[in-house]
Amino acid sequence: MRAEIIRLGIIGCGSVVQERHLPALGRVRGLRTVAVADVDANRAKRVAEQFGIPHHYSAYSSLLESKEVDAVAVCVPPQSHAEVARASLAAGKHVLIEKPLALSLSECDLLQDCAARYGALKVMVGFNMRWHRLMVAAQDAVSRGELGDIKLVRTVFTSGVRLRADFADWRMQPETGGGALFELGMHHFDLLRFLLGSEAQEVYAMSAPEGETATVAMSMECGAQVLSAFSESTGENHTIEVYGERGWLHICCYRADGFERFSLGEYTGSVATRLRRLKRSLLDAPRMIRQSRLGGDYVAAYAEEWRHFVDAIRLDSPVKCGLHDGRRALEIALAAREAVAVKQAVRLRDKPAANVAAASTYSY
Ligand SMILES: NC(=O)c1ccc[n+]([C@@H]2O[C@H](COP(=O)([O-])OP(=O)(O)OC[C@H]3O[C@@H](n4cnc5c(N)ncnc54)[C@H](O)[C@@H]3O)[C@@H](O)[C@H]2O)c1
(Lines give C-alpha, C1' and ligand atoms only; values in the text may rest on other atoms or scores of the structure.)
Protein backbone atom coordinates (compact mmCIF):
# COMPACT_ATOMS: atom_id res chain seq x y z
CA MET A 1 0.00 0.00 0.00
CA ARG A 2 1.19 3.51 -0.90
CA ALA A 3 1.69 5.60 2.23
CA GLU A 4 2.71 9.01 0.95
CA ILE A 5 0.38 11.86 0.07
CA ILE A 6 -1.01 11.78 -3.49
CA ARG A 7 -0.22 15.06 -5.24
CA LEU A 8 -3.03 16.28 -7.52
CA GLY A 9 -2.93 18.59 -10.53
CA ILE A 10 -6.21 20.03 -11.84
CA ILE A 11 -6.58 20.88 -15.53
CA GLY A 12 -9.35 23.41 -16.16
CA CYS A 13 -10.25 25.92 -13.42
CA GLY A 14 -13.88 26.68 -14.26
CA SER A 15 -17.04 26.60 -12.20
CA VAL A 16 -17.08 22.91 -11.26
CA VAL A 17 -13.53 23.17 -9.93
CA GLN A 18 -14.09 26.38 -7.99
CA GLU A 19 -17.53 25.57 -6.64
CA ARG A 20 -17.31 21.80 -6.08
CA HIS A 21 -13.94 20.07 -6.45
CA LEU A 22 -11.68 22.45 -4.55
CA PRO A 23 -14.04 22.96 -1.58
CA ALA A 24 -14.41 19.15 -1.39
CA LEU A 25 -10.72 18.39 -1.85
CA GLY A 26 -9.93 20.42 1.26
CA ARG A 27 -11.70 17.67 3.23
CA VAL A 28 -9.91 14.68 1.70
CA ARG A 29 -7.03 13.15 3.62
CA GLY A 30 -4.09 11.63 1.79
CA LEU A 31 -4.33 13.99 -1.18
CA ARG A 32 -2.99 17.51 -1.74
CA THR A 33 -3.70 19.77 -4.71
CA VAL A 34 -0.28 21.02 -5.82
CA ALA A 35 -0.95 22.51 -9.26
CA VAL A 36 -3.67 23.90 -11.50
CA ALA A 37 -3.67 24.70 -15.22
CA ASP A 38 -6.04 26.75 -17.35
CA VAL A 39 -5.68 28.29 -20.81
CA ASP A 40 -6.90 31.43 -19.06
CA ALA A 41 -3.66 32.17 -17.18
CA ASN A 42 -5.30 34.79 -14.96
CA ARG A 43 -7.95 32.31 -13.89
CA ALA A 44 -5.33 29.68 -13.05
CA LYS A 45 -3.39 32.24 -10.98
CA ARG A 46 -6.48 33.51 -9.17
CA VAL A 47 -7.69 29.99 -8.32
CA ALA A 48 -4.19 28.98 -7.14
CA GLU A 49 -4.04 32.03 -4.86
CA GLN A 50 -7.57 31.58 -3.54
CA PHE A 51 -7.07 27.93 -2.62
CA GLY A 52 -3.39 28.10 -1.59
CA ILE A 53 -2.13 25.93 -4.47
CA PRO A 54 1.64 26.32 -5.03
CA HIS A 55 1.88 26.00 -8.85
CA HIS A 56 -0.22 27.31 -11.71
CA TYR A 57 0.23 27.01 -15.47
CA SER A 58 -1.51 28.14 -18.64
CA ALA A 59 -0.45 25.07 -20.68
CA TYR A 60 -1.64 21.75 -19.30
CA SER A 61 1.45 20.09 -20.82
CA SER A 62 3.59 22.03 -18.30
CA LEU A 63 1.52 20.62 -15.44
CA LEU A 64 1.92 17.11 -16.87
CA GLU A 65 5.71 17.54 -17.07
CA SER A 66 5.88 18.18 -13.34
CA LYS A 67 7.38 15.31 -11.34
CA GLU A 68 5.47 16.65 -8.35
CA VAL A 69 2.09 15.61 -9.77
CA ASP A 70 0.90 12.00 -9.27
CA ALA A 71 -2.72 12.31 -10.37
CA VAL A 72 -4.74 14.64 -12.57
CA ALA A 73 -8.34 15.87 -12.58
CA VAL A 74 -9.56 16.55 -16.13
CA CYS A 75 -12.04 19.41 -15.74
CA VAL A 76 -11.84 21.10 -19.14
CA PRO A 77 -14.90 21.31 -21.43
CA PRO A 78 -16.05 17.90 -22.77
CA GLN A 79 -14.58 18.18 -26.27
CA SER A 80 -11.07 18.12 -24.73
CA HIS A 81 -11.63 15.39 -22.10
CA ALA A 82 -10.28 12.50 -24.17
CA GLU A 83 -7.22 14.37 -25.45
CA VAL A 84 -6.22 15.69 -22.00
CA ALA A 85 -6.90 12.32 -20.34
CA ARG A 86 -4.74 10.45 -22.87
CA ALA A 87 -1.88 12.94 -22.45
CA SER A 88 -2.18 12.59 -18.66
CA LEU A 89 -1.92 8.79 -18.84
CA ALA A 90 1.04 9.04 -21.23
CA ALA A 91 2.70 11.31 -18.64
CA GLY A 92 2.25 8.58 -16.02
CA LYS A 93 -0.54 10.20 -13.99
CA HIS A 94 -3.65 8.60 -12.49
CA VAL A 95 -6.72 10.34 -13.94
CA LEU A 96 -10.17 11.39 -12.80
CA ILE A 97 -12.18 12.63 -15.79
CA GLU A 98 -15.24 14.81 -15.32
CA LYS A 99 -18.43 13.64 -17.03
CA PRO A 100 -19.20 13.23 -19.88
CA LEU A 101 -16.28 10.89 -20.51
CA ALA A 102 -16.05 12.06 -24.15
CA LEU A 103 -18.26 13.13 -27.03
CA SER A 104 -18.00 10.03 -29.23
CA LEU A 105 -17.70 6.29 -28.68
CA SER A 106 -14.57 6.20 -30.82
CA GLU A 107 -12.91 8.66 -28.41
CA CYS A 108 -13.95 6.38 -25.54
CA ASP A 109 -12.37 3.41 -27.29
CA LEU A 110 -9.09 5.26 -27.92
CA LEU A 111 -9.06 6.19 -24.25
CA GLN A 112 -9.75 2.60 -23.26
CA ASP A 113 -6.84 1.40 -25.43
CA CYS A 114 -4.60 4.02 -23.88
CA ALA A 115 -5.66 3.06 -20.32
CA ALA A 116 -4.92 -0.58 -21.13
CA ARG A 117 -1.37 0.41 -22.18
CA TYR A 118 -0.81 2.14 -18.82
CA GLY A 119 -2.59 -0.54 -16.82
CA ALA A 120 -1.03 0.39 -13.45
CA LEU A 121 -2.69 3.82 -13.54
CA LYS A 122 -6.20 4.37 -12.18
CA VAL A 123 -8.81 5.99 -14.43
CA MET A 124 -12.12 7.09 -12.97
CA VAL A 125 -15.09 8.97 -14.43
CA GLY A 126 -16.48 11.74 -12.23
CA PHE A 127 -20.09 10.70 -11.87
CA ASN A 128 -20.26 12.38 -8.47
CA MET A 129 -23.95 11.54 -7.99
CA ARG A 130 -22.97 7.91 -7.31
CA TRP A 131 -21.49 9.19 -4.04
CA HIS A 132 -24.43 11.42 -3.10
CA ARG A 133 -25.72 10.31 0.31
CA LEU A 134 -29.32 9.88 -0.89
CA MET A 135 -28.33 7.98 -4.04
CA VAL A 136 -26.17 5.61 -2.00
CA ALA A 137 -29.19 4.95 0.25
CA ALA A 138 -31.48 4.47 -2.76
CA GLN A 139 -29.09 2.07 -4.48
CA ASP A 140 -28.78 0.14 -1.23
CA ALA A 141 -32.59 -0.15 -0.86
CA VAL A 142 -33.09 -1.22 -4.48
CA SER A 143 -30.23 -3.74 -4.53
CA ARG A 144 -31.45 -5.32 -1.26
CA GLY A 145 -34.85 -5.84 -2.89
CA GLU A 146 -36.76 -3.54 -0.50
CA LEU A 147 -38.97 -2.34 -3.37
CA GLY A 148 -39.26 -5.71 -5.08
CA ASP A 149 -39.00 -5.74 -8.87
CA ILE A 150 -38.64 -2.21 -10.20
CA LYS A 151 -41.39 -1.26 -12.64
CA LEU A 152 -40.96 2.45 -13.18
CA VAL A 153 -38.44 5.25 -12.62
CA ARG A 154 -39.25 8.94 -13.02
CA THR A 155 -36.45 11.50 -12.97
CA VAL A 156 -36.25 15.29 -13.19
CA PHE A 157 -33.07 17.37 -13.35
CA THR A 158 -33.56 21.09 -14.04
CA SER A 159 -31.56 24.23 -13.47
CA GLY A 160 -31.41 27.87 -14.52
CA VAL A 161 -27.79 27.60 -15.65
CA ARG A 162 -28.50 28.77 -19.22
CA LEU A 163 -30.03 31.98 -17.88
CA ARG A 164 -26.77 32.96 -16.15
CA ALA A 165 -24.68 35.77 -17.65
CA ASP A 166 -21.50 33.65 -17.38
CA PHE A 167 -22.94 30.66 -19.31
CA ALA A 168 -19.92 29.26 -21.17
CA ASP A 169 -19.96 29.12 -25.00
CA TRP A 170 -19.27 25.36 -25.16
CA ARG A 171 -22.52 24.75 -23.26
CA MET A 172 -24.57 26.28 -26.10
CA GLN A 173 -23.68 23.70 -28.77
CA PRO A 174 -24.46 19.95 -28.77
CA GLU A 175 -21.28 19.43 -30.85
CA THR A 176 -19.17 20.65 -27.91
CA GLY A 177 -21.12 18.73 -25.27
CA GLY A 178 -23.70 21.39 -24.46
CA GLY A 179 -27.44 20.92 -23.98
CA ALA A 180 -29.65 19.30 -21.37
CA LEU A 181 -29.22 15.73 -22.66
CA PHE A 182 -25.45 15.80 -22.21
CA GLU A 183 -24.99 18.16 -19.29
CA LEU A 184 -27.89 17.01 -17.09
CA GLY A 185 -29.21 13.82 -18.69
CA MET A 186 -25.77 12.18 -18.62
CA HIS A 187 -25.89 12.04 -14.80
CA HIS A 188 -29.24 10.25 -14.86
CA PHE A 189 -28.22 7.87 -17.63
CA ASP A 190 -25.41 6.76 -15.32
CA LEU A 191 -27.59 6.79 -12.19
CA LEU A 192 -30.20 4.56 -13.81
CA ARG A 193 -27.53 1.91 -14.48
CA PHE A 194 -26.17 2.42 -10.94
CA LEU A 195 -29.56 2.23 -9.22
CA LEU A 196 -31.08 -0.60 -11.23
CA GLY A 197 -27.94 -2.63 -12.03
CA SER A 198 -29.34 -2.90 -15.53
CA GLU A 199 -28.55 -1.58 -19.00
CA ALA A 200 -30.74 0.63 -21.17
CA GLN A 201 -32.55 -1.17 -23.97
CA GLU A 202 -34.53 1.36 -25.98
CA VAL A 203 -34.63 5.16 -25.91
CA TYR A 204 -37.04 7.77 -27.23
CA ALA A 205 -36.40 11.49 -26.74
CA MET A 206 -37.70 14.93 -27.61
CA SER A 207 -35.72 18.13 -27.38
CA ALA A 208 -36.28 21.86 -27.69
CA PRO A 209 -34.49 23.24 -30.81
CA GLU A 210 -31.59 24.70 -28.80
CA GLY A 211 -31.33 21.54 -26.71
CA GLU A 212 -31.91 23.43 -23.47
CA THR A 213 -34.89 21.23 -22.52
CA ALA A 214 -35.33 17.53 -23.28
CA THR A 215 -37.54 14.62 -22.28
CA VAL A 216 -36.56 10.96 -22.51
CA ALA A 217 -38.54 7.71 -22.33
CA MET A 218 -36.52 4.56 -21.94
CA SER A 219 -36.87 0.86 -21.27
CA MET A 220 -34.26 -1.01 -19.24
CA GLU A 221 -33.22 -4.62 -19.69
CA CYS A 222 -34.57 -5.44 -16.21
CA GLY A 223 -38.04 -4.50 -17.46
CA ALA A 224 -38.29 -1.09 -15.78
CA GLN A 225 -39.71 1.83 -17.75
CA VAL A 226 -38.10 5.26 -17.32
CA LEU A 227 -39.40 8.79 -17.87
CA SER A 228 -36.94 11.67 -17.53
CA ALA A 229 -37.12 15.45 -17.96
CA PHE A 230 -34.15 17.81 -18.17
CA SER A 231 -33.95 21.57 -18.57
CA GLU A 232 -31.25 24.23 -18.27
CA SER A 233 -33.71 27.14 -18.44
CA THR A 234 -35.94 26.86 -15.41
CA GLY A 235 -35.84 26.52 -11.61
CA GLU A 236 -33.64 24.07 -9.71
CA ASN A 237 -34.93 20.53 -9.13
CA HIS A 238 -33.19 17.19 -8.88
CA THR A 239 -35.60 14.38 -8.13
CA ILE A 240 -35.67 10.66 -8.74
CA GLU A 241 -38.57 8.33 -7.99
CA VAL A 242 -38.18 4.56 -8.11
CA TYR A 243 -41.37 2.48 -8.14
CA GLY A 244 -41.31 -1.22 -7.31
CA GLU A 245 -43.95 -3.85 -6.67
CA ARG A 246 -43.49 -3.42 -2.88
CA GLY A 247 -43.47 0.38 -2.70
CA TRP A 248 -41.59 3.41 -3.96
CA LEU A 249 -38.85 5.88 -3.16
CA HIS A 250 -38.93 9.64 -3.64
CA ILE A 251 -35.45 11.16 -3.61
CA CYS A 252 -35.00 14.90 -3.83
CA CYS A 253 -31.27 15.62 -3.92
CA TYR A 254 -31.79 19.29 -3.02
CA ARG A 255 -33.43 18.49 0.30
CA ALA A 256 -31.46 17.34 3.32
CA ASP A 257 -34.52 15.26 4.27
CA GLY A 258 -35.05 14.24 0.64
CA PHE A 259 -35.28 10.47 1.06
CA GLU A 260 -38.81 9.13 1.49
CA ARG A 261 -40.02 5.59 1.21
CA PHE A 262 -43.67 4.66 0.75
CA SER A 263 -45.17 1.22 1.18
CA LEU A 264 -47.99 -0.19 -0.92
CA GLY A 265 -51.26 1.52 -0.03
CA GLU A 266 -49.55 4.46 1.67
CA TYR A 267 -50.49 7.97 0.48
CA THR A 268 -47.93 10.80 0.51
CA GLY A 269 -50.34 13.28 2.11
CA SER A 270 -51.91 11.09 4.80
CA VAL A 271 -51.70 12.33 8.39
CA ALA A 272 -49.58 9.35 9.47
CA THR A 273 -47.13 9.91 6.63
CA ARG A 274 -46.85 13.63 7.38
CA LEU A 275 -46.22 13.00 11.09
CA ARG A 276 -43.59 10.39 10.33
CA ARG A 277 -41.87 12.85 7.96
CA LEU A 278 -41.94 15.61 10.57
CA LYS A 279 -40.53 13.34 13.29
CA ARG A 280 -37.71 12.14 11.05
CA SER A 281 -36.80 15.70 10.01
CA LEU A 282 -36.68 16.88 13.62
CA LEU A 283 -34.52 13.96 14.74
CA ASP A 284 -32.16 14.49 11.78
CA ALA A 285 -31.95 18.29 12.22
CA PRO A 286 -28.55 18.40 14.01
CA ARG A 287 -26.92 16.31 11.27
CA MET A 288 -28.57 18.45 8.54
CA ILE A 289 -27.24 21.66 10.10
CA ARG A 290 -23.71 20.22 10.46
CA GLN A 291 -23.72 19.01 6.85
CA SER A 292 -25.07 22.30 5.55
CA ARG A 293 -22.27 24.21 7.35
CA LEU A 294 -19.74 21.97 5.60
CA GLY A 295 -21.12 22.81 2.13
CA GLY A 296 -24.09 20.43 1.91
CA ASP A 297 -24.64 17.03 0.34
CA TYR A 298 -23.10 17.92 -3.03
CA VAL A 299 -19.69 18.95 -1.71
CA ALA A 300 -19.83 15.88 0.56
CA ALA A 301 -20.49 13.68 -2.50
CA TYR A 302 -17.46 15.14 -4.31
CA ALA A 303 -15.35 14.55 -1.19
CA GLU A 304 -16.52 10.90 -1.10
CA GLU A 305 -15.73 10.54 -4.82
CA TRP A 306 -12.18 11.79 -4.18
CA ARG A 307 -11.75 9.53 -1.13
CA HIS A 308 -12.70 6.58 -3.30
CA PHE A 309 -10.15 7.63 -5.93
CA VAL A 310 -7.43 8.02 -3.28
CA ASP A 311 -8.23 4.56 -1.87
CA ALA A 312 -8.15 3.01 -5.33
CA ILE A 313 -4.65 4.42 -5.91
CA ARG A 314 -3.33 3.58 -2.44
CA LEU A 315 -4.78 0.08 -2.21
CA ASP A 316 -4.53 -0.62 -5.93
CA SER A 317 -8.24 -1.51 -5.88
CA PRO A 318 -10.73 -1.14 -8.76
CA VAL A 319 -12.58 2.15 -9.22
CA LYS A 320 -16.37 1.99 -8.87
CA CYS A 321 -16.99 4.12 -11.91
CA GLY A 322 -14.61 3.48 -14.77
CA LEU A 323 -14.28 4.01 -18.51
CA HIS A 324 -16.86 1.33 -19.23
CA ASP A 325 -19.46 3.25 -17.18
CA GLY A 326 -18.58 6.52 -18.87
CA ARG A 327 -19.01 4.88 -22.24
CA ARG A 328 -22.36 3.31 -21.34
CA ALA A 329 -23.83 6.63 -20.22
CA LEU A 330 -22.57 8.24 -23.41
CA GLU A 331 -24.19 5.48 -25.51
CA ILE A 332 -27.55 6.37 -23.97
CA ALA A 333 -27.06 10.12 -24.51
CA LEU A 334 -26.08 9.53 -28.15
CA ALA A 335 -29.05 7.21 -28.67
CA ALA A 336 -31.35 9.88 -27.18
CA ARG A 337 -29.86 12.47 -29.51
CA GLU A 338 -30.37 10.13 -32.44
CA ALA A 339 -33.99 9.51 -31.36
CA VAL A 340 -34.57 13.28 -31.42
CA ALA A 341 -33.16 13.45 -34.96
CA VAL A 342 -35.06 10.48 -36.41
CA LYS A 343 -38.20 11.04 -34.30
CA GLN A 344 -38.43 7.40 -33.32
CA ALA A 345 -37.18 5.06 -30.61
CA VAL A 346 -33.58 3.85 -30.87
CA ARG A 347 -32.63 0.38 -29.66
CA LEU A 348 -29.29 0.27 -27.91
CA ARG A 349 -28.41 -3.39 -28.27
CA ASP A 350 -30.03 -6.78 -28.06
CA LYS A 351 -27.46 -8.26 -25.71
CA PRO A 352 -25.19 -6.09 -23.60
CA ALA A 353 -21.55 -6.41 -24.61
CA ALA A 354 -19.38 -7.97 -21.93
CA ASN A 355 -16.64 -5.42 -22.43
CA VAL A 356 -15.89 -2.15 -24.10
CA ALA A 357 -13.96 -3.68 -27.00
CA ALA A 358 -16.99 -5.77 -27.99
CA ALA A 359 -19.20 -2.71 -27.71
CA SER A 360 -17.10 -0.75 -30.16
CA THR A 361 -19.01 -2.27 -33.09
CA TYR A 362 -21.44 0.57 -32.36
CA SER A 363 -21.68 3.09 -35.12
CA TYR A 364 -22.52 6.47 -33.57
N1 LIG B 1 -20.04 16.37 -12.14
C2 LIG B 1 -20.83 17.43 -12.31
O3 LIG B 1 -21.92 17.50 -11.78
C4 LIG B 1 -20.37 18.55 -13.17
C5 LIG B 1 -20.84 19.85 -12.92
C6 LIG B 1 -20.40 20.87 -13.75
C7 LIG B 1 -19.53 20.60 -14.78
N8 LIG B 1 -19.10 19.32 -15.00
C9 LIG B 1 -18.20 19.01 -16.11
O10 LIG B 1 -16.90 19.54 -15.80
C11 LIG B 1 -16.29 20.04 -16.97
C12 LIG B 1 -15.97 21.51 -16.77
O13 LIG B 1 -17.17 22.20 -16.52
P14 LIG B 1 -17.19 23.70 -15.96
O15 LIG B 1 -18.58 23.99 -15.61
O16 LIG B 1 -16.15 23.91 -14.92
O17 LIG B 1 -16.79 24.48 -17.29
P18 LIG B 1 -16.21 25.95 -17.41
O19 LIG B 1 -16.44 26.38 -18.81
O20 LIG B 1 -16.71 26.80 -16.29
O21 LIG B 1 -14.64 25.73 -17.16
C22 LIG B 1 -13.79 25.07 -18.05
C23 LIG B 1 -12.38 25.65 -17.86
O24 LIG B 1 -11.47 24.90 -18.65
C25 LIG B 1 -10.56 25.82 -19.24
N26 LIG B 1 -9.98 25.18 -20.42
C27 LIG B 1 -10.55 24.96 -21.63
N28 LIG B 1 -9.70 24.27 -22.43
C29 LIG B 1 -8.58 24.06 -21.70
C30 LIG B 1 -7.33 23.41 -21.98
N31 LIG B 1 -7.09 22.84 -23.15
N32 LIG B 1 -6.38 23.41 -21.01
C33 LIG B 1 -6.62 23.99 -19.82
N34 LIG B 1 -7.78 24.62 -19.49
C35 LIG B 1 -8.74 24.65 -20.43
C36 LIG B 1 -11.41 27.05 -19.54
O37 LIG B 1 -10.60 28.21 -19.70
C38 LIG B 1 -12.27 27.11 -18.29
O39 LIG B 1 -11.67 27.85 -17.25
C40 LIG B 1 -17.28 19.79 -18.11
O41 LIG B 1 -16.97 18.58 -18.73
C42 LIG B 1 -18.61 19.66 -17.41
O43 LIG B 1 -19.51 18.83 -18.12
C44 LIG B 1 -19.49 18.32 -14.22
Side-chain angles (χ1 to χ4, degrees), residues 9-25 35-48 50 55-65 72-88 91 95-103 107 124-132 135 157-159 161-162 164-191 194 211 230 232 236 238 253-254 296-306 309 321 325-326 329-330 333:
I10 300 179
I11 301 178
C13 295
S15 56
V16 75
V17 167
Q18 296 176 50
E19 292 165 23
R20 301 293 196 204
H21 286 292
L22 283 168
L25 281 161
V36 289
D38 198 296
V39 282
D40 181 339
N42 287 333
R43 184 176 285 181
K45 181 169 183 285
R46 182 169 49 75
V47 168
Q50 184 184 344
H55 303 288
H56 56 88
Y57 306 95
S58 56
Y60 77 81
S61 55
S62 307
L63 183 149
L64 294 181
E65 279 163 18
V72 162
V74 177
C75 299
V76 293
Q79 74 266 31
S80 304
H81 283 187
E83 170 210 312
V84 176
R86 283 205 311 275
S88 304
V95 189
L96 185 144
I97 309 163
E98 257 299 351
K99 52 60 57 179
L101 173 57
L103 294 182
E107 279 184 318
M124 188 161 122
V125 181
F127 279 123
N128 56 296
M129 289 307 298
R130 284 190 182 216
W131 283 270
H132 189 288
M135 286 303 152
F157 195 0
T158 59
S159 84
V161 66
R162 201 176 273 247
R164 280 168 48 167
D166 59 351
F167 191 65
D169 285 349
W170 67 264
R171 292 177 177 277
M172 293 299 287
Q173 312 297 337
E175 301 75 40
T176 48
L181 278 177
F182 267 58
E183 268 301 278
L184 303 173
M186 195 70 72
H187 275 295
H188 284 199
F189 302 147
D190 179 64
L191 279 178
F194 172 67
F230 309 110
E232 296 181 319
E236 317 291 321
H238 196 171
C253 300
Y254 292 157
D297 284 335
Y298 276 78
V299 170
Y302 279 86
E304 276 306 307
E305 173 183 86
W306 279 109
F309 187 62
C321 188
D325 300 292
L330 179 65

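Computed from a prediction, not measured in an experiment: that's the story for all the values here. As the structure lists them, so they are numbered: ligands from 1, and atoms in each ligand from 1.
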query = Yes or no on side chain to side chain contact (heavy atoms under 4.5 Å, CB included) for Leu22 and Ile10, after CA distance, side-chain angles and deciding distance?
reply = CA-CA 9 Å; Leu22 283 168; Ile10 300 179; 3.7 Å; yes

query = Taking atom types as modelled, is there a side-chain donor on Tyr302 or Glu19 under 3.5 Å from an acceptor on the other?
reply = no

Phe182 to ligand 1, any heavy atom closer than 4.0 Å = no

key: Identity and distance of the protein heavy atom lying nearest atom 43 (O) of ligand 1   = Glu183 OE2, 2.7 Å

ask   = Does some non-hydrogen atom of Glu83 fall short of 4.0 Å from ligand 1?
value = no

query = Could you give the distance from NE2 (His188) to CZ (Phe230), rounded to the nearest 0.5 Å?
reply = 6.0 Å

message = Give me the nearest non-hydrogen protein atom to atom 12 (C) of ligand 1 as residue plus atom name, then the distance to 0.1 Å.
response = Cys75 O, 3.3 Å

query = Got the closest protein heavy atom to atom 21 (O) of ligand 1, with its distance?
reply = Gly14 CA, 3.1 Å

ask   = Just distances here: any N/O of Val39 and N/O of ligand 1 closer than 3.5 Å?
value = yes

inquiry  = Tell me the contacting part of Phe167 for ligand 1: side chain, backbone, both, or neither, using a 4.0 Å heavy-atom threshold, strictly below.
reply    = neither

key: Glu98 vs Val74, side chain to side chain contact (heavy atoms under 4.5 Å, CB included): CA-CA, chis, key distance, verdict   = CA-CA 6 Å; Glu98 257 299 351; Val74 177; over 6 Å; no

key: Proximity to ligand 1 by part of Lys99, non-hydrogen separation under 4.0 Å   = both

message = If you count heavy atoms of other groups shown closer than 6.0 angstrom to CG of Asp169, is the number above 12?
response = no

inquiry  = So, 4.0 Å and heavy atoms of Trp170: is ligand 1 close enough to count as a contact?
reply    = yes

message = When you measure from the heavy atoms of Met186 to every atom of ligand 1, does any distance fall below 4.0 Å?
response = no

inquiry  = Parallel, tilted or perpendicular, judged at 30° and 60°: which one describes the rings of His55 and Tyr57?
reply    = parallel

request  = Have a look at Glu232 and tell me which of Arg162, Arg171, Arg164 forms a side chain to side chain donor-acceptor pair (under 3.5 Å) with it.
outcome  = Arg162

request  = Enter the distance from Tyr254:OH to Glu236:CD here, rounded to the nearest 0.5 Å.
outcome  = 5.5 Å

inquiry  = Using a 3.5 Å cut-off on N or O atoms only, is Glu98 in polar contact with ligand 1?
reply    = yes

query = Nearest to atom 2 (C) of ligand 1, what protein heavy atom do you find, and at what distance?
reply = Tyr302 OH, 3.0 Å

inquiry  = Out of all atoms in ligand 1, which are within 4.0 Å of some heavy atom of Pro78? Include the element for each.
reply    = 40 (C), 41 (O)

inquiry  = Taking Cys13's backbone N and O only, do any of them form a donor-acceptor pair with Gln18's side chain (distance below 3.5 Å, no angle check)?
reply    = yes

ask   = At what distance, to the nearest 0.5 angstrom, does CG of Asp325 lie from CZ of Arg130?
value = 4.5 Å

query = Short question: side chain of Glu305, backbone of Asn128 - any donor-acceptor pair under 3.5 Å?
reply = yes

remark   = Counting from 1 in the order shown, the ligand 1 atoms closer than 4.0 Å to a non-hydrogen atom of Pro100 are 43 (O)

note = Of all protein heavy atoms, the one nearest atom 41 (O) of ligand 1 is His81 NE2, 2.8 Å

Contacting atoms of ligand 1, where contact means under 4.0 angstrom from a heavy atom of Ala168 = 19 (O)

request  = Among all protein heavy atoms, pick the one closest to atom 15 (O) of ligand 1 and tell me residue, atom and distance.
outcome  = Arg171 NH2, 2.5 Å

request  = Tell me, please: is Ser58 in heavy-atom contact with ligand 1, that is, under 4.0 Å?
outcome  = no

message = Strictly distance-based, threshold 3.5 Å: is any side-chain N or O of Thr176 a donor or acceptor partner for the main-chain N or O of Trp170?
response = yes

note = Any heavy atom of Arg20 under 4.0 Å from ligand 1? The part involved is neither

query = Below 3.5 angstrom, do we get any N/O pair linking Val16 and ligand 1?
reply = yes

query = With respect to atom 11 (C) of ligand 1, which of Asn128, Leu101, Val76 exhibits the smallest heavy-atom separation?
reply = Val76

request  = Return yes or no for this condition: an N or O of Tyr60 is under 3.5 Å from an N or O of ligand 1.
outcome  = no

note = Tightest non-hydrogen contact, residues Tyr298 and His132, listed as CE1-NE2, 3.8 Å

task = Just do the side chain to side chain contact (heavy atoms under 4.5 Å, CB included) check on His81 and Leu101 with the steps written out, would you?
result = CA-CA 7 Å; His81 283 187; Leu101 173 57; 6.0 Å; no

ask   = Counting each atom of ligand 1 from 1 as listed, which ones have a heavy atom of Gly126 under 4.0 Å away?
value = 1 (N)

Close approach, His187 and ligand 1, non-hydrogen under 4.0 angstrom = yes

request  = Starting from the C-alpha separation in whole Å, work towards a yes-or-no answer on side chain to side chain contact (heavy atoms under 4.5 Å, CB included) for Leu181 and Phe189.
outcome  = CA-CA 9 Å; Leu181 278 177; Phe189 302 147; 4.1 Å; yes

query = Of the protein's non-hydrogen atoms, which lies at the shortest distance from atom 38 (C) of ligand 1, and what is that distance?
reply = Arg43 NH1, 3.2 Å

ask   = Are any side-chain N or O atoms of Lys99 and backbone N or O atoms of Glu183, one a donor and one an acceptor, separated by less than 3.5 Å?
value = yes

query = Has Pro77 got any heavy atom lying under 4.0 angstrom from an atom of ligand 1?
reply = yes

Nearest neighbour in protein (non-hydrogen) for atom 20 (O) of ligand 1 = Ser15 N, 3.1 Å

